[in-house]
Student: 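Quick one: the structure is below, questions incoming.
Just so you know, residue 1 is the first one in the sequence shown, and it goes up from there. All heavy atoms count here, side chains included; hydrogens, waters and symmetry mates do not. Atoms within a ligand are numbered from 1 in the order they appear, just like the ligands themselves.
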Amino acid sequence: MASGSGEVSGEALDHELAELLDVETFDPPAEFRERALLNDPAVYEQAARDPQAWWAKQAKELHWFKEWTEVLNDDDPPFYKWFTGGTLNVSYNCLDRHVLAGRGDRVAFHWRGEEGQERDITYAELLAEVQRFANALKDLGVGRGDVVGIYLPMIPEVVISMLACARIGAPHNVVFGGFSAEAVRERMEFSEAKLLITTDGAARKGKTAPIKDRVDDVTGDLATLEKIVVVRSKGTPCQMKEGRDVFYDEIVAAAHPDCPAEPLDSEHPLYILYTSGSTAKPKGILHTTGGYLTGVAATHRYVFDLKPDSDVYWCAADVGWVTGHSYIVYGPLCNGATSVMWEGAPDYPHKGIWWELIERYGVTILYCAPTAIRACMKWGADWPNKHDLSSLRVLGTVGEPINPKAWLWYHKVIGSERCPIVDTWWQTETGAIMITPLPGITATKPGSATHPFPGVFAEVLDESTGEPVTEGQGLLVLTRPCPSMLRTLYKEPERFLQTYFSRFGKDTYLVGDAARRDSDGYLWVIGRIDDVVNVSGHRLSTAEVESAIVAHPDVAEAAVIGEHDEDSGQAIVAFVTLQGDLVGDDQTIEGIRATVADRIGKFARPKRIIWSDDLPKTRSGKIMRRLLRDIAEGRALGDVTTLRDPAVTAQLEERVKELQAQED
Ligand code: PRX
């Protein structure tokens, strides 16, 4: 392994990174291995020999009101049930258990606001607030099984809201704060939410965005939505509708302080989280109680080698995505961890804020997305070099493939070559990490998520034969049930079967990613095989963006593709045909981007719009996205004679060249 200090920048750093590119594997440092929770590779064989016993052992780490009678019920695959007959409560496991064990004074979150505000919340404080809010929700008529929407930024109340729902058995449906009010409306409608928790305003890099008023603009006619709870966070004035809207602080103050956690069936729904699929309608991923908590707690403990008495853990994602659900809220709290929760962006108030926070709170474990690492790399090593990062001991990544250069920069500049990197592959659907190194065991290769977590079974299958590939590329699948997996798509069981289990049968979960297995058996996840685009780790469907674009009055037709992008992994490119003889100009482009921001959120706006008189279609009228990708990225097209109108492609190629010439 190459050596050198983390504090180099510019040319010298480039040179050292280039040297590291020749290093093929990175062993866990001996000292780390010695102290790691898991350091014996035999754990893999043990789990493989009897996966049910392995998961049952993990489930025993939780508090159960009543223990299960059966670990796995597989009477009706793929509708599996885990720990059947058992009852537990997620909020009890995340809060009461620690307080009862005398750990109430431990900080659960060091919350830090954009403008430098600080709030340390202990486990005891969190429990007290959650109980009151749970009672307030009950007072508003929310009961077991009622869906509660949550549309909040990164403030402590988002965690309190999730736990209060879990406490009374009301499944939550969190919508990421970057989604537009229109997207919130759609998700509330699909899930038939009874109540929505939102805020007056949200901080965005020094500005405040009005949230409640925007929500009001679009949710007025939702038949099932009876109440809206408003967290007064930024003092932004907002309308309150008599009889429907209430302020969070007022109802919490009026609520009874004791709310015992309800014993819930192991398969009771914990949450619904909407994510993008191949069609415009998002999929409501349903996670339940016992299996999900078992999966997130075990992976959080072992993948990050968590020592809750001494570690300070920071997952720099947003609670609105599954990463936030599993690894900001449920995993860390269940394990009694102390975490950092940061309200803002990585570049506000300055580009070194992450490193400042790591020094300030003595963060030992950092978990973030490769996109953020690439951005930091671009801003330069001088920012992190200004801070003492010596507290760090484990680094994690999630959400998209990490390119080796970004991996090496993370390893060298942030980890000073001392911290194992865990590149964790998983999905909203899997609920918990599935493929990952174990930091005290696995020799890592930059860019590879390495091996399935113990008790997880993954294969790469040949696309045409469906046979396992021992070396080479194919489709990634999971071949056995796993406790943290989604149970179904909310109210769409047929779509669940069709999406994940129609290709290889009911025993084999089709992930939707292509992957490669190398000669050492390491797994390399390449990217999606469906029409899902991953922009800065945010999952979007091309159909969803297309349907937003055609909502613009001037647009007749649109086709969206993801193209490779150095910063965001993938970027959205839209080919757009306008109505009649309309000619697109900068104003139309801005109008289309604004429509997408309104319908989905700013993060979904196309980076490039290419005007096209027509789109390349087969004779049956299907848009050939593969050709559009080739055109956008300037590749040779080959045979286009099967197209309805082969001349279309030549015109588009011409347009792309013109655009590139303009950009240069
Ligand atoms: O394509 C894979 C990519 O992100 C997809 C899942 O997206 P989402 O459900 O939004 O969950 C993201 C956070 C868990 C996957 O199908 N992906 C996720 N992690 C990795 C990854 N691709 C490569 N390497 C990873 N570590």
Student: Could you label the plane-to-plane angle of the Phe603 and Trp321 rings as parallel, tilted or perpendicular, counting under 30° as parallel and over 60° as perpendicular?
Tutor: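 Perpendicular, since the angle between the ring planes exceeds 60°.
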Student: To which protein heavy atom is atom 1 (O) of ligand 1 closest, and what is the distance rounded to 0.1 Å?
Tutor: Asp513 OD1, 2.8 Å
Student: Under 4.0 Å from any heavy atom of Thr424, which atoms of ligand 1 are there?
Tutor: 19 (N), 20 (C), 25 (C), 26 (N)
Student: Look at the aromatic rings of Tyr271 and His325 and report parallel, tilted or perpendicular, splitting at 30° and 60°.
Tutor: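 Rings of Tyr271 and His325: tilted, 30 to 60°.
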Student: Any N or O of Gln427 that comes nearer than 3.5 Å to an N or O of ligand 1?
Tutor: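 N/O-N/O distance below 3.5 Å exists for this pair.
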Student: Quick one: look up the protein heavy atom nearest atom 23 (C) of ligand 1 and list residue, atom name and how far away it is.
Tutor: Pro401 N, 3.1 Å
Student: List every atom of ligand 1 that sits less than 4.0 Å from any heavy atom of Trp426, numbering the atoms from 1 in the order shown and giving each element.
Tutor: 6 (C), 14 (C), 15 (C), 18 (C), 19 (N)
Student: Quick check on salt bridge (charged side-chain N to carboxylate O under 4.0 Å, His left out): which of Asp630, Asp531, Asp530 does Arg625 satisfy it with?
Tutor: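 Going through Asp630, Asp531, Asp530 one by one, the salt bridge (charged side-chain N to carboxylate O under 4.0 Å, His left out) with Arg625 is satisfied by Asp531 alone.
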Student: Going by the angle between their ring planes, with limits at 30° and 60°, are His538 and Phe176 parallel, tilted or perpendicular?
Tutor: tilted
Student: Can you find an N/O atom of Asp423 closer than 3.5 Å to an N/O atom of ligand 1?
Tutor: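 Between Asp423 and ligand 1 (N or O atoms, distance only) the closest approach is under 3.5 Å.
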Student: Taking only heavy atoms of Val398, which atoms of ligand 1 are found under 4.0 Å from at least one of them?
Tutor: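 Answer for ligand 1: 13 (C), 14 (C).
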Student: Not counting sequence neighbours, which residues clear side chain to side chain donor-acceptor pair (under 3.5 Å) with Lys491? List them please.
Tutor: Glu192
Student: Would you mind running through ligand 1 and noting each atom that sits below 4.0 Å from a heavy atom of Arg539?
Tutor: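 Contacts of ligand 1 toward Arg539, numbered from 1: 6 (C), 7 (O), 8 (P), 9 (O), 10 (O).
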Student: Would you call Glu459-Arg480 a salt bridge at under 4.0 Å N-O?
Tutor: no
Student: Quickly, which of Arg608, Gln570, Arg629 forms a side chain to side chain donor-acceptor pair (under 3.5 Å) with Glu563? Name it, please.
Tutor: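 Among Arg608, Gln570, Arg629, the one meeting side chain to side chain donor-acceptor pair (under 3.5 Å) with Glu563 is Arg608.
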Student: For residues 415-439, which residue pairs qualify under ring pair (Phe, Tyr, Trp, His ring centres under 6.0 Å), counting only residues two or more places apart or in two chains?
Tutor: Tyr327-Trp426
Student: For the 3.5 Å polar cut-off, considering only N or O atoms, please tell me whether Thr275 and ligand 1 meet it.
Tutor: no
Student: Looking at atom 25 (C) of ligand 1, what's its closest protein heavy atom, distance included?
Tutor: Glu400 O, 3.5 Å
Student: Run the numbers for me: atoms of ligand 1, each under 4.0 Å from some heavy atom of Val525, listed by number.
Tutor: 22 (N), 23 (C)
Student: Among all protein heavy atoms, pick out the one at the shortest distance from atom 13 (C) of ligand 1; state its residue, atom name and that distance to 0.1 Å.
Tutor: Thr323 OG1, 3.4 Å
Student: Closer than 4.0 angstrom: is that true for some heavy atom of Gly399 and an atom of ligand 1?
Tutor: yes
Student: At a 4.0 Å threshold, what atoms of ligand 1 neighbour a non-hydrogen atom of Asn534?
Tutor: 3 (C), 4 (O)
Student: Does Lys283 have more than 12 heavy atoms from other residues, nucleotides or ligands lying within 6.0 Å of its NZ?
Tutor: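 Yes, the 6.0 Å shell around NZ holds more than 12 heavy atoms from other groups.
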Student: Taking the side chain as everything from C-beta on, heavy atoms only, tell me whether Arg599 gets closer than 4.5 Å to Ile549.
Tutor: no
Student: Taking only heavy atoms of Thr428 into account, list the atoms of ligand 1 that are under 4.0 Å away from them.
Tutor: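 Contacts of ligand 1 toward Thr428, numbered from 1: 8 (P), 9 (O), 10 (O), 11 (O).
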